[in-house]
Peer 1: 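Just dropping this structure here.
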Amino acid sequence: GGNPAGWGAGVRLGDGQRWGPVRELHGGSGYWSLDGAVVVPAWGGAATHLAVRWPGRGEWREVRLPAGAREVEVHPDGTVRAR
């Protein structure tokens, strides 16, 4: 609704058993600054899962990543678009 970019969402990669650090999607960090709505998380191996904590919801939503995906777009309803 009022937050289509998902500002405040937490994102982390994992393999279903272990999880990497949380990266938060934030709007900016200084006076008149604005960051893009893209998060680039790091994972040492082949990530198979992506977990997202949407702002205002509190719980983590886990989605399975398609094999070979380089870019992933996740929507609050759980749909995933990969390229």
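One-based numbering along the sequence shown. Please read all numbers here as calculations on a predicted model, not as lab measurements.
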Peer 1: CG of D77 to CZ of R61: how many Å apart, nearest 0.5 Å?
Peer 2: 7.0 Å
Peer 1: By salt bridge (charged side-chain N to carboxylate O under 4.0 Å, His left out), which residues pair with R57, not counting sequence neighbours?
Peer 2: none
Peer 1: Is there a chain of hydrophobic side chains (I, L, V, M, F, W, Y, each step under 4.5 Å between heavy atoms) that links V52 to W19?
Peer 2: no
Peer 1: Output, in order, the C-alpha distance, side-chain angles, deciding distance and verdict of side chain to side chain contact (heavy atoms under 4.5 Å, CB included) for L50 and L13.
Peer 2: CA-CA 5 Å; L50 176 76; L13 288 175; 3.6 Å; yes
Peer 1: Looking at A9 and W54, what are the two nearest heavy atoms and their distance?
Peer 2: CB-CE3, 4.3 Å
Peer 1: If every non-hydrogen atom of V38 is compared with every non-hydrogen atom of L25, which pair is closest and at what distance?
Peer 2: N-CD1, 3.9 Å
Peer 1: Among residues two or more places apart or on two chains, list those pairs meeting salt bridge (charged side-chain N to carboxylate O under 4.0 Å, His left out) that have a residue in residues 15-27.
Peer 2: D15-R18
Peer 1: Considering residues, nucleotides and ligands other than E73, do more than 12 of their heavy atoms fall under 6.0 Å from its CD?
Peer 2: yes
Peer 1: Transitively linked via ILVMFWY side-chain contacts under 4.5 Å: V74 with V22?
Peer 2: no
Peer 1: Can you see which heavy atom on P55 is nearest to which on N3, and at what distance?
Peer 2: CG-ND2, 3.6 Å
Peer 1: What verdict does the side chain to side chain contact (heavy atoms under 4.5 Å, CB included) test give for R12 and R53, after you've listed the backbone C-alpha separation in whole Å, the side-chain angles of each residue and the deciding distance to 0.1 Å?
Peer 2: CA-CA 9 Å; R12 63 193 327 184; R53 184 185 62 226; over 6 Å; no
